[in-house]
K.L.:
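One structure, as structure tokens, below. Some questions next.
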2 protein chains.
Amino acid sequence: MATIRDVSKLAGVSVATVSRVLNRSGYVGAATEAKVTAAMEALSYKPSETARSLAGKQSSMIALMVPDLLNPFFPELALAIETCASAYGYTVILCNSNNDAEKERKLFDLLVHKRVDGLILSSYTATPKQIIALQDRGIPVVVVDNGFPGQPILSLIARNREGAREAVRHLLKQGCSKIGHLSGPADVTAARDRRQGYADECAALPWFSSSLIEQGDFQAEGGYDAAKRLLDREPGIDGIFAGNDAMAIGALKLLHERGSRVPDDMRVIGFDGIRVPMVVPELSTMVQPIYEMGEQAMQQLHRLIGGEDVKRETIELNTSLLVRRSSSR
Amino acid sequence: MATIRDVSKLAGVSVATVSRVLNRSGYVGAATEAKVTAAMEALSYKPSETARSLAGKQSSMIALMVPDLLNPFFPELALAIETCASAYGYTVILCNSNNDAEKERKLFDLLVHKRVDGLILSSYTATPKQIIALQDRGIPVVVVDNGFPGQPILSLIARNREGAREAVRHLLKQGCSKIGHLSGPADVTAARDRRQGYADECAALPWFSSSLIEQGDFQAEGGYDAAKRLLDREPGIDGIFAGNDAMAIGALKLLHERGSRVPDDMRVIGFDGIRVPMVVPELSTMVQPIYEMGEQAMQQLHRLIGGEDVKRETIELNTSLLVRRSSSR
DNA sequence: GTGAAAGCGCTAACAG
DNA sequence: CTGTTAGCGCTTTCAC
């Protein structure tokens, strides 16, 4: 593999000059530049990212850390980020924290030592403190699908509360007379906001009771179990708003086992808009703009890495209602 | 961040010695080693992978290249590989080729320049030539879910032909009297083998005709379309063996739209065993040991990287029949 | 404008 | 057993 020295020799200049045209830094005569470019071409030279990284520049690697690759939300996000990152010239390191705070901590350390240029983080367990510490250690972070209001952390999140309200209003409009909610983990902002949105719409209605909320874990199995507990406890429910699609799918499975007809006896709506080719009945959902979220995350991270003065705040993205068969005839 | 020099000073030895205990290479006195270890501890020193990589050692990064992150098969594989890689001390670079031969080619180049230690490749487009070229450029490769018989390429693949035969026999045993097959892309080994397995079992049966095979693309949409073409063309089909789960799900969707009762009027079985929490009816499938496949891929790659003399051949893994509702009452 | 030279942090001969 | 030293390929002052 050709090195910068080979290029410099072939072009009859010094390595410093080659480095300059490589980085468009400092002045280089037009003629010289042409010679260098030609030489690089001739040797099909590509600078060694490794050396570049050692010499103090960027590693042109970013890390993507997700809690659960089996939740289709994250592959979709990963796809968006990978595509966008590669357009910017970054390589993506994939980290699956498995929702394990300890593993996460170790990964943070690793990333620092790997000198990654930045991190796109989706985590239910990372604390603001940890994230800020990471930033202080020189690693710009963009958080996705979780927010830390009041903290100097740049995060991207859907308008969850608003979206939840819209989902519930949709169920009400469909004629539901008693709506239950399967909420996500209590310590996840997105889950809390969705629960809050549900409460916003329902709290004043005569049938409302806080026991209409059952907590799950954002996973299909958990949604199945939570739905079971909810329905066993609260008779007369004819609408379910699940905190995410995975749980909604779990609920649908339970309903099918019990012979409930959806959407006739029970209407169900989820949240996320994951593109799982689902079977019967297709799930209505509040769509998060997952691809856009990944795209924006990468964009913002790139700006942070570039040292731009980006405001470290929570950015909210709009959701959109997607009505399919599970909630409407 | 502490460097090897800091450690050497604190321990009162030379950097070479520190390097030795770091790599367990060469002899180091017990007392010295203890001092060094203590110093490393005290400074919470971690060697810079970047420097180590530049100095000619390994980059401790491997790449994982997949064609389609939206197919749940690949996140599952990725999870297995990431977990296993991290146990071995490797970091995983994620590449999504998007089934695009051109992007794939560029990625190969990139990986060479990044000096990744190895590559786990799942691709429908890469040619044996390309893969061998990559190996010649110093990057060990393990291919997953595709085989290149006769080529010096280490690949892991399920016993597709055998598995397909078993799936078809299962449908026959369930009483199917005319079974269609939705096959995958013609240029994918796995798809061909499964089609062949189907043919093995059916070719001699009175109702068989090659028009019972309809080609899809291993994606749900494609399965939907292929099933439509198949059923419109061939009346009397009461069993479908889909080349993978994604297509089987597409077929189920079509069947539901058409009011076919599954499994009463039509029995369906897929191939892959992806862990999508599916709705009604749950899909029967030939399970590939996805996790094990990822695990083995990582293991073999590690051996290749270590310079062990691993035989570059196709390794086959057993599948297992998982009967659920889509094929059995 | 361009070159010389000093590192970045680590490894690997080669001497002791 | 341990220290010295020369790089790995690139960036970056500092002179000319």
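So that the names make sense, note that chain A is the first sequence line, chain B the second, and so on, each numbered from 1.
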K.L.:
In whole Å, I'd like the distance from the CZ atom of B/R52 to the P atom of C/dC8.
P.N.:
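Rounded to the whole Å, the gap is 19 Å.
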K.L.:
B/D117 and side chain to side chain donor-acceptor pair (under 3.5 Å): which single residue from B/S60, B/S53, B/S59 fits?
P.N.:
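The option that passes is B/S59.
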K.L.:
Under 4.0 Å between a side-chain N/O of B/T3 and OP1 or OP2 of C/dG9, yes or no?
P.N.:
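Answer no for this pair, as no side-chain N or O of B/T3 is under 4.0 Å from OP1 or OP2.
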K.L.:
I want to verify a distance call: between C/dC8, C/dG3, C/dT11, whose nearest atom is closest to the A/L54 side chain?
P.N.:
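For A/L54, the side-chain atoms sit closest to C/dC8.
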K.L.:
If you check the A/T17 side chain, which of C/dG9, C/dT2, C/dC8 turns out closest?
P.N.:
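Shortest atom-to-atom distance from the side chain points to C/dT2.
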K.L.:
Tell me if a side-chain donor or acceptor on B/Q135 pairs with a main-chain N or O of B/P152 at a distance below 3.5 Å.
P.N.:
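Answer holds: yes.
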K.L.:
In this structure, how many angstroms lie between the C1' atom of C/dT11 and the CD atom of B/Q58, rounded?
P.N.:
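B/Q58 atom CD is separated from C/dT11 atom C1' by 13 Å.
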K.L.:
Would you mind reading off the distance between A/R5 atom CZ and D/dG7 atom C1', rounded to a whole angstrom?
P.N.:
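After rounding, the reported distance stands at 11 Å.
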K.L.:
From B/D109 CG over to A/K46 NZ, what is the distance, rounded to the nearest 0.5 angstrom?
P.N.:
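Reported to 0.5 Å precision, the distance equals 5.0 Å.
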K.L.:
Could you tell me how far apart B/I4 (CD1) and C/dG7 (P) are, to the nearest whole angstrom?
P.N.:
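Value for this atom pair: 18 Å.
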K.L.:
Does a side-chain N or O from A/Y45 land closer than 4.0 Å to OP1 or OP2 of D/dC10, or not?
P.N.:
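Checking A/Y45 against D/dC10: at least one side-chain N or O falls below 4.0 Å of OP1 or OP2.
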K.L.:
Rounded to the Å, how far apart are B/E49 CD and C/dC8 P?
P.N.:
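So the two atoms are 19 Å apart, to the nearest Å.
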K.L.:
What is the separation between atom OH on A/Y27 and atom C1' on C/dG1, rounded to the nearest whole Å?
P.N.:
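Distance check: A/Y27 OH to C/dG1 C1' gives 10 Å.
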K.L.:
Atom NZ of B/K9 to atom C1' of D/dG3: distance rounded to whole Å?
P.N.:
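Those two atoms, NZ and C1', are 15 Å apart.
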K.L.:
Please determine whether a side-chain nitrogen or oxygen atom of B/S48 lies at a distance below 4.0 Å from atom OP1 or OP2 of C/dC10.
P.N.:
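No, B/S48 has no side-chain N/O under 4.0 Å of OP1/OP2 on C/dC10.
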K.L.:
May I have the distance from A/R20 (atom CZ) to C/dG3 (atom P), rounded to whole angstrom?
P.N.:
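Spelled out: CZ on A/R20 to P on C/dG3 is 8 Å.
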K.L.:
Below the 4.0 Å mark, does D/dT11 have OP1 or OP2 next to a side-chain nitrogen or oxygen of A/S19?
P.N.:
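Yes.
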